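Order of listing sets the numbers, starting from 1, for every ligand and every atom in it. We count residues from 1, following the sequence as given. The shown structure was predicted, so the numbers you read here are calculated from the model rather than taken from an experiment.
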Amino acid sequence: MPDNKEQYFDILIAGAGFAGSLTALILHNQGFKVCVVEKGRHPRFAIGESSTPIADMQLRDIAVKYNLPWLHDFSRYGSWQQSHPEIVCGIKRGFSFFKHHPGQDFTTDANHKNELLVAASVDDIQSDTNWMRSDVDAFLVSKVQEAGISYFDLTEIVSAKRNSEWEFNCICPEGAMVIYAGFYIDATGGGFLLEKLTGVKTSSDSFLTDSFTVFSHFHGIARWTEMLKDANIPTADFPYDPDNSALHQILDEGWIWMLRFNDQRTSFGFVLSCKEQSLKGLQTAEIWDAMLAKYPAIKNILKDATLAAEPGKIIQSARLQRKVDRCFGPGWAVLPHTAGFVDPLFSSGIAHSISGIQKLVLILKEHFNNPEPLFEGLKEYERSIFAELKLADQLIAGCYRAMPHFELFTAWSMLYFAATIAYERRLMRKELPGYFLCADDPYITDIVQKSYIDLLKILDKPQPSKEDITQFTNLIRERIKPINTAGLLDPSSKNMYRHTVAVF
Ligand SMILES: Cc1cc2nc3c(=O)[nH]c(=O)nc-3n(C[C@H](O)[C@H](O)[C@H](O)COP(=O)(O)OP(=O)(O)OC[C@H]3O[C@@H](n4cnc5c(N)ncnc54)[C@H](O)[C@@H]3O)c2cc1C
């Protein structure tokens, strides 16, 4: 129960997902008096599980910079297991893609024409992780409480007004509560609260990508590697076991994520184009069944699967793409996942959130009491987030367009991997990171833009020819050359990339 019915803080953070809690911990260590208001209660199911080398580099950086040494252990599978084996996670050695065709079993050839494996770490110990978000988020909240930060859960902000400071009217289990704060950070991961408190709207209008998802957690999902072996498909030259990765099954109308945890649970979800006519008007279970009927290998993967207790059902989302009209205003700012979202195809949400947290914290630290520089800082923060969402949208929209033609998909996706590696290099060199995925690099944004137009030209034809695909692949190889430090699109790699994380 709150000590007083009225509470005073420098900063109120709404939302105790991993990002809200991490922001609170950092700001607290910077001397701000912070509170966190969460409408739910931990542990609770959450999606957004697959981490990346960028996220992990940033966690290590934050651990040192903001005196949160325990955070370091969560940046690699090995140290996570040593320090916190009770917090469920999974090994994520890289990104794996397998292309399926309707009505057919999965096939490939010696050149891996239907496979793409992009390693991000050298072994399981150094590996990135899939986060069991219910565990990770609950742990971070325990750290928030341990640090003495005021934490109000099961608390709803019903209204707010701002004069010289914010006055939030809340309902908590004990009744009504008023919280006063100088600044409000929206970490709720969506625009509902923001619109209620500030009138700022969220929309999907500006996106090229147009997808939705049906997903859940399961027990008993077959190991894909075993299924390949049973089908006599060689796996010997895979750089890692794809079941220990962000495993993507690529379909014509979308893709599937399979993220395995070390307690036998697996996160499994279809992400499908909203334009897919055959799915229009279907209920969640009907969509699920339609996809299994269409792709026999996927049906096989799920043949012994049962729903895990949490969430205990298959969940369907609305269209995933959304973006707020403003990322900041007088006395407020949003974290990246409130600002917007494109699609989980490249698992970039966690890393994007952490990059935004770092930028916002610096701005608040330097300019909290100086309205003009604060405004300028937040304006630039908004520019960065909008540019980042735009780049992610183009990269992901291109993937969806290319999905029916896997060679085009592998060529196109190298733009994403090249941009990612370029950004990792900035982080490793301890340069100012700039925009996430180098969305501030005109060379990168320009090649993505040009290549998107070239891709659409090819896909305008009823069926892209072998020659079109080869030409497009050569074009991408040429365009990424100045930033390609990992041998991407080197024909001798045959779609098997052993280690791509930035080296310099
Ligand atoms: C289908 C899907 C799959 C994804 N997969 C990946 C992935 O594999 N890898 C990746 O990096 N990212 C992924 N993402 C993105 C990822 O989910 C986000 O980047 C991440 O969850 C952001 O964390 P957060 O703490 O900002 O928000 P959230 O995790 O959304 O947490 C928000 C918190 O705010 C609380 N809240 C909501 N409303 C209120 C309110 N009014 N008042 C108070 N509290 C409130 C919620 O209860 C919750 O605890 C995915 C996203 C989706 C939609």
note = Of all heavy-atom pairs linking Pro242 and Thr225, the shortest is CD-OG1, 3.9 Å
request  = Using distance alone, decide if ligand 1 has a nitrogen or oxygen within less than 3.5 Å of any nitrogen or oxygen in Phe18.
outcome  = yes
Nearest non-hydrogen partners of Ala290 and Leu282, listed with the distance = CB-CD1, 4.3 Å
Ile157 near ligand 1 by a heavy-atom separation under 4.0 Å = no
key: Intermediate values then yes/no, side-chain hydrogen bond (donor to acceptor under 3.5 Å, both in side chains), Trp257 and Ser267   = CA-CA 7 Å; Trp257 79 72; Ser267 179; 2.8 Å; yes
task = Among Ile26, Leu27, Leu25, find the one that has a side chain to side chain contact (heavy atoms under 4.5 Å, CB included) with Tyr66.
result = Ile26
request  = Output the list of atoms in ligand 1 that are nearer than 4.0 Å to some heavy atom of Ser50, sorted by atom number.
outcome  = 7 (C), 8 (O), 9 (N), 10 (C), 11 (O)
query = Do Val141 and Glu38 have side chains that get closer than 4.5 Å, going by heavy atoms?
reply = no
remark   = atom 27 (O) of ligand 1 has as its nearest protein heavy atom His337 CD2, 3.8 Å
query = To which protein heavy atom is atom 33 (C) of ligand 1 closest, and what is the distance rounded to 0.1 Å?
reply = Gly17 N, 3.5 Å
task = Quick one: do Tyr184 and Glu165 satisfy side-chain hydrogen bond (donor to acceptor under 3.5 Å, both in side chains)? Show the steps, please.
result = CA-CA 10 Å; Tyr184 148 54; Glu165 62 181 355; over 6 Å; no
message = Tell me the protein heavy atom at minimum distance from atom 47 (O) of ligand 1, and give that distance in Å.
response = Glu38 OE2, 2.6 Å
request  = Return the residue, atom name and 0.1 Å-rounded distance of the protein heavy atom closest to atom 13 (C) of ligand 1.
outcome  = Gly48 CA, 3.3 Å
ask   = Would you call Glu156-Lys39 a salt bridge at under 4.0 Å N-O?
value = no
ask   = Under 3.5 Å between some N or O of ligand 1 and some N or O of Trp257?
value = no
query = Would Arg383 count as a cation-pi partner of Phe386, with NZ or CZ less than 6.0 Å from the six-membered ring centre and within 45° of the ring normal?
reply = no
ask   = Short N/O distance, under 3.5 Å, between Arg44 and ligand 1?
value = yes
request  = Have a look at ligand 1 and work out which part of Lys39, if any, has a heavy atom under 4.0 Å from it: side chain, backbone, both or neither.
outcome  = both
query = Relative to the heavy atoms of Ser353, which atoms of ligand 1 are at a distance of less than 4.0 Å?
reply = 19 (O), 22 (C)
query = Which option, Trp131, Phe346, Phe341, Phe212, owns the non-hydrogen atom nearest atom 50 (C) of ligand 1?
reply = Phe341
Closest approach of any protein heavy atom to atom 41 (N) of ligand 1, naming residue and atom = Leu193 CB, 3.8 Å
key: Proximal candidate to atom 39 (C) of ligand 1 [heavy atom criterion; set Thr188, Ile354, Leu345]   = Thr188
query = Hey, are the side chains of Lys99 and Phe409 touching, using non-hydrogen atoms and a 4.5 Å cut-off?
reply = no
ask   = So is there a nitrogen or oxygen of Ile350 less than 3.5 Å from a nitrogen or oxygen in ligand 1?
value = yes
ask   = Is there a nitrogen or oxygen of Thr213 sitting under 3.5 Å from a nitrogen or oxygen of ligand 1?
value = no
remark   = Of all protein heavy atoms, the one nearest atom 26 (O) of ligand 1 is Ala19 CB, 3.3 Å
inquiry  = Under a 4.0 angstrom heavy-atom cut-off, which atoms of ligand 1 come close to Gly349?
reply    = 10 (C), 11 (O), 12 (N), 15 (C), 19 (O)
request  = For ligand 1, note which part of Val37 has a heavy atom under 4.0 Å away: side chain, backbone, both or neither.
outcome  = backbone
ask   = Which residue supplies the protein heavy atom nearest to atom 34 (O) of ligand 1, what is that atom called, and how far is it?
value = Gly15 CA, 3.2 Å
remark   = Note: Glu49, heavy atoms under 4.0 Å from ligand 1, region reported as backbone
query = How about Ser51 and Asp128: does a side-chain donor come under 3.5 Å of a side-chain acceptor?
reply = no
inquiry  = With nothing but distance in play, are any N or O atoms of Ala351 less than 3.5 Å from an N or O of ligand 1?
reply    = no
ask   = Where the side chain of Gln58 meets the backbone of Ala351, is there a donor-acceptor pair that is under 3.5 Å apart?
value = yes
query = Hey, which atoms in ligand 1 end up nearer than 4.0 Å to a heavy atom of Pro344?
reply = 2 (C), 3 (C), 4 (C), 5 (N)
remark   = The answer for which part of Arg133 has a heavy atom under 4.0 Å from ligand 1 is side chain
inquiry  = Test your reading of the model: is there a side-chain donor-acceptor pair from His84 to the backbone of Asp73, 3.5 Å cut-off?
reply    = no
ask   = In this structure, which one of Asp123, Asp241, Asn244, Asp124 forms a side-chain hydrogen bond (donor to acceptor under 3.5 Å, both in side chains) with Arg93?
value = Asp124
remark   = ligand 1 atoms nearer than 4.0 angstrom to some heavy atom of Ala187 are 32 (C), 33 (C), 34 (O)
inquiry  = Give me the atom names and distance for the closest heavy-atom approach of Pro173 to Leu154.
reply    = CD-O, 3.3 Å
ask   = Between Met132 and Cys89, is any pair of side-chain heavy atoms under 4.5 Å apart?
value = no
